Amino acid sequence: MVDVDWQRLSALAVEAMERAYCPYSGFPVGAAGLTADGRLVSGCNVENAGYGCTLCAECSMVSELVRTGGGRLVAVACVNGNKEPVAPCGRCRQVIYEHGGDECVVLMPAGAMTMREVLPGAFGPDDLGEVAGAPRLRARGGGARAVPAPSRTEITEEGRDGTVRRG
Ligand code: THU
């Protein structure tokens, strides 16, 4: 496991948590991540009157990750309103997995655990490449990026032989 300054990462998560917009649940969450190139990114939950439109703190954090140059997450800490570690929800584990993979370490209430442990057998970018006709992936900025989706017309035109034409 990578050597992580969990105190610093948790402090950043607490800072983010204190900015959460959670009028409906009253449950603020902050997330902070360390990237392979040493950057720190963070995010808070942002709720919505349409409850299902709520953005989790981890999603906000990943948005900042991508906005600030992408790269790989090597460690993630999430905290609740008591400034204690909180387990990322299932959807957020998937979101973190995309940008950190199996080796990314997450601070769980029980201690640091790898993504391999918290999301075993995860579905990820590599799985997409195993199906003919699925979008191929290319590396850019340290993370896997899907080739832009073809337009509807292109989708209509392909399909017979499985190749996707791109303008
Ligand atoms: N929440 C997060 O931000 N991340 C998680 O992993 C779990 C849940 C938020 C969503 C909602 O605003 C509040 O916590 C209560 O579920």
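Note that ligands are numbered from 1 as they come in the structure, with each ligand's atoms numbered from 1 the same way. In this text, all values refer to a predicted model and were calculated from it rather than measured experimentally.
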Quick note, side chain to side chain donor-acceptor pair (under 3.5 Å) partners involving residues 27-46, not counting sequence neighbours, are Thr35-Asp37, Asp37-Arg39, Arg39-Thr68
Among all protein heavy atoms, pick the one closest to [atom] and tell me residue, atom and distance.
atom                    : result
atom 2 (C) of ligand 1  : Cys56 SG, 3.4 Å
atom 9 (C) of ligand 1  : Asn45 ND2, 3.5 Å
atom 14 (O) of ligand 1 : Phe27 CD2, 3.5 Å

Using modelled atom types only, decide if a donor and an acceptor are shared between the side chain of [X] and the backbone of [Y] within a distance under 3.5 Å.
X     : Y     : value
Asp5  : Arg8  : yes
Glu98 : Val95 : no
Asn82 : Glu84 : no

Could you pull out every donor-acceptor pair under 3.5 Å between side chains of residues 19-29 and any protein atom, sequence neighbours left out?
from: Ser25; atom 1: OG; to: Phe27; atom 2: N; distance (Å): 3.0
from: Ser25; atom 1: OG; to: Glu47; atom 2: OE2; distance (Å): 2.5

Would you mind listing which atoms of ligand 1 come within a distance below 4.0 Å of any non-hydrogen atom of Ser25?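 What qualifies from ligand 1 is 13 (C), 15 (C).
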Quick note on ligand 1: atoms under 4.0 Å from a heavy atom of Cys89 include exactly 5 (C), 6 (O), 7 (C)
ask   = Do Val29 and ligand 1 have an N or O pair less than 3.5 Å apart?
value =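 So ligand 1 has no N or O lying under 3.5 Å from an N or O of Val29.
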- Query: Between Ala57 and ligand 1, does any nitrogen or oxygen pair lie at a separation below 3.5 Å?
  - Reply: yes
Quiz item: Where the closest heavy atom to atom 11 (C) of ligand 1 is concerned, which of Glu47, Arg93, Glu58, Met61 has it?
Solution: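 Closest candidate by heavy-atom distance is Glu47.
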Closest non-hydrogen atoms of Ser10 and Val79, given as atom of the first, atom of the second and distance, are O-CG1, 4.3 Å
| Can you find a non-hydrogen atom of Pro88 under 4.0 Å from ligand 1? |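 The answer is yes: ligand 1 sits under 4.0 Å from a heavy atom of Pro88.
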**Message:** With clusters defined by side-chain heavy atoms of hydrophobic residues (ILVMFWY) lying less than 4.5 Å apart, directly or transitively, does Val105 cluster with Leu12?
**Reply:**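 Shared cluster, yes.
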Any protein heavy atom at under 4.0 Å, with atom 16 (O) of ligand 1 as the reference point? no
